[in-house]
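Counting starts at 1 for both ligands and their atoms, in listed order.
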Amino acid sequence: MKILIFGAGGFIGSNLIEHLIEQGEHEITGLDVTDTKLAGIEGPNFKFIKGNISEEGLANELVAETDVVVDLIAYANPSIYVESPLEVVRLNFFENMKILEYCLHHQKRLIQYSTSEVYGKRTRDSEYHDDHSDLVMGPVQKQRWIYASSKQLLERIIYAHGMKGDLDYSIIRPFNFVGPRFDYLVPAGSKGGPRVFSHFLSAMFTGGPIYLVDGGGQHRCFTHINDASTAFSAILENGAGRNDIFNVGNPDTNTTMENLAHLMQRLYGEITGSAPNNEIIVIDGEDFYGKGYEDMDRVPPNVDKLTALGWKQTKGLEAIFAEAIQYYVDRPELAAEILS
Ligand code: NAD
Ligand code: UDP
């Protein structure tokens with residue numbers, strides 16, 4: 001099968017490509033504006049094209065030549081939703097709509113990466129079910145929700161096309177994937193910017209403070225990136241993965257950000273032999289991300305639909321973070337810039 005990956009140079013894309021090269025079963029083409037995270041990822045069945053999804057004609061031509069389109073293009077960090085909400089809608093909705101239109105035009109299967117954030121604020125459900133949970137957005141004045149709303153509308157349009165019978169699709173809702181090449185490291189005391197793993201690890205490398213946003217009581221379930229890649233394959237290869245929506249997450253890794261900070265400190269100490277001693281500072285969400293930030297307490301995903309495809313998670317919370325920390329500890333050059 002020919003698989004075209006838009007956003008191939010990002011965190012999920014680079015790991016997915018590594019997984020697909022290893023499988024050796026498909027012909028992969030990746031497009032991205034950057035290939036930094038693809039350094040060293042090579043295979044006879046993989047071709048990279050450096051380009052912008054907005055370039056006239058390019059994406060359309062690539063879609064025409066493939067069997068399956070995987071759409072990973074989006075601004076995915078909370079700091080960007082807060083600072084540049086209009087950019088988020090432009091890329092995450094309007095540019096993604098063009099990809100959907102190319103798939104409709106050429107009648108190609110679309111695997112769309114959405115987000116667990118479509119569920120929005122915590123509901124009374126004990127877990128997020130792919131099909132039955134309400135999607136509860138916050139106020140317009142809290143621009144975090146422009147990300148979730150863009151993704152939600154895209155999902156609804158994709159679903160409507162599936163209903164109409166003119167689109168073959170699968171939608172993936174990721175729950176906090178973590179692993180090699182995740183985001184980027186930042187200098188001591190930085191605010192906003194990357195997602196939580198990169199912030200906490202940067203603090204350990206630099207000796208800077210660990211910020212617990214709004215007290216650190218918020219829950220997240222983290223997923224090993226390799227488990228996320230095998231989930232992709234289960235959805236791709238299985239007939240039951242078609243025209244459906246899947247939570248991709250690990251319900252057994254539920255933790256608060258405060259507990260995560262302590263867990264990462266312990267693991268970092270065990271891995272490096274030098275126990276980190278960061279000051280832990282509680283900070284208001286708007287002071288950390290900017291005005292209009294709002295957080296949510298995310299409940300665990302229900303993954304019954306995914307396990308029915310034969311998938312199961314293999315890595316628990318400690319293994320997920322130990323392996324991700326080890327990756328960076330083994331590559332001191334990645335931390336060199338923030339330490340200079
Ligand atoms: P990422 O930022 O690492 O990857 C996105 C990639 O898209 C980047 O490499 C970027 O260069 C590329 N891109 C952006 N604009 C482009 C353009 N105009 N033309 C070509 N390439 C462009 O993000 P990620 O973590 O890999 O996430 C991928 C998808 O999964 C996104 O849709 C995101 O919303 C979704 N998601 C991820 C997570 C997670 O845990 N990582 C959680 C929820 C949702
Ligand atoms: N967070 C934190 N300290 C940081 C960065 C993030 O306490 O240095 C919190 C953030 O407020 C949120 C959680 O960690 O509650 C997860 O944030 P992340 O940016 O990783 O992704 P999200 O799940 O919110 O999309």
Inset, instruction - Write out the protein residues near ligand 2, meaning a non-hydrogen atom under 4.0 Å from one of its atoms, in order of chain and number. - result: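 Ligand 2 pocket, heavy atoms under 4.0 Å: Pro78, Glu117, Arg144, Asn176, Arg195, Val196, His199, Phe200, Tyr211, Leu212, Val213, Gln218, Arg220, Met257, Phe288, Tyr289, Tyr293, Asp295, Arg298.
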
Looking only at side-chain N and O atoms, does [Y] offer a donor or acceptor that is under 3.5 Å from a partner on [X]?
| X | Y | answer |
| --- | --- | --- |
| His219 | Asp297 | yes |
| His224 | Gln313 | no |
| Asp330 | Tyr328 | no |
| Ser14 | Arg181 | yes |
| Asp214 | Gln218 | no |
| Tyr293 | Asp287 | no |

Salt bridge check: are [X] and [Y] linked by an N-O gap of less than 4.0 Å?
| X | Y | value |
| --- | --- | --- |
| Arg242 | Asp168 | yes |
| Lys305 | Asp131 | yes |
| Glu101 | Lys98 | no |

Among all protein non-hydrogen atoms, which one is nearest to [atom], and what is the separation to 0.1 Å?
| atom | answer |
| --- | --- |
| atom 4 (O) of ligand 1 | Gly10 CA, 3.4 Å |
| atom 3 (O) of ligand 1 | Phe11 N, 2.8 Å |
| atom 34 (O) of ligand 1 | Tyr147 OH, 2.7 Å |
| atom 22 (C) of ligand 1 | Ile73 CD1, 3.5 Å |
| atom 41 (N) of ligand 1 | Arg195 NH1, 3.1 Å |

By number and element, which atoms of ligand 1 are closer than 4.0 Å to a non-hydrogen atom of [X]?
| X | answer |
| --- | --- |
| Gly7 | 6 (C), 7 (O) |
| Thr115 | 43 (C), 44 (C) |
| Asn52 | 17 (C), 18 (N), 19 (N) |
| Gly51 | 19 (N), 20 (C) |
| Ile53 | 17 (C), 18 (N), 19 (N), 20 (C) |
| Ala74 | 5 (C), 31 (C), 32 (O), 34 (O) |
| Ser114 | 35 (C), 36 (N), 44 (C) |
| Thr34 | 11 (O) |

Legend entry - Pairing residues for Tyr113 by the ring-ring contact (aromatic ring centres under 6.0 Å, His included) criterion, not counting sequence neighbours: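 Counting only residues at least two positions away or on another chain, Tyr113 forms no ring-ring contact (aromatic ring centres under 6.0 Å, His included).
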
Inset, instruction - Name the option, out of Leu72, Thr223, Ile225, that contains the heavy atom nearest to atom 29 (C) of ligand 1. - result: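 Selected option, by shortest heavy-atom distance: Leu72.
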
Legend entry - Heavy-atom nearest neighbour of atom 36 (N) of ligand 1 within options Gly249, Ala8, Pro174: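 Answer by nearest heavy atom: Pro174.
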
N/O of [X] under 3.5 Å from N/O of ligand 1, yes or no?
| X | value |
| --- | --- |
| Leu91 | no |
| Phe177 | yes |
| Asp32 | yes |
| Ile12 | yes |
| Ser54 | no |
| Ser116 | no |

Does some non-hydrogen atom of [X] fall short of 4.0 Å from ligand 1?
| X | answer |
| --- | --- |
| Ser14 | no |
| Gly9 | yes |
| Lys151 | yes |
| Phe6 | no |

Legend entry - Qualifying salt bridge (Lys or Arg N to Asp or Glu O under 4.0 Å) pairs, either residue in residues 21-41, two or more places apart: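 Non-adjacent pairs meeting salt bridge (Lys or Arg N to Asp or Glu O under 4.0 Å): Asp35-Lys50.
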
Inset, instruction - Taking the side chain as every heavy atom from C-beta outward, state whether Ile158 and Leu110 have any pair of such atoms under 4.5 Å apart. - result: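 Ile158 vs Leu110: side chains touch.
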
Legend entry - Aromatic contact, Phe288 with His199 (centres under 6.0 Å):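 Close enough - the centres of the two rings lie under 6.0 Å apart.
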
Legend entry - hydrophobic_cluster_shared for Tyr289 and Ile80, side chain cutoff 4.5 Å: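 Ile80 and Tyr289: separate clusters.
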
Inset, instruction - Can you sort out the partners of Asp227 under salt bridge (Lys or Arg N to Asp or Glu O under 4.0 Å), two or more places apart, ordered by chain and number? - result: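 Result, salt bridge (Lys or Arg N to Asp or Glu O under 4.0 Å) vs Asp227: none returned.
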
Inset, instruction - Find out whether the Lys NZ or Arg CZ of Arg220 is both under 6.0 angstrom from the six-membered ring centre of Phe222 and within 45° of the ring's axis. - result: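 Geometry flag: not set, cation outside 6.0 Å or 45°.
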
Inset, instruction - Measure from NZ or CZ of Arg173 to the centre of the six-membered ring of Tyr119 and say whether it is under 6.0 Å with the direction within 45° of the ring axis. - result: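 Arg173 over Tyr119 ring: yes.
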
Inset, instruction - Using the side chain to side chain contact (heavy atoms under 4.5 Å, CB included) rule, pick out the option among Met1, Arg109, His26 that qualifies with Asp67. - result: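 Going through the options one by one, the only one that passes is Met1.
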
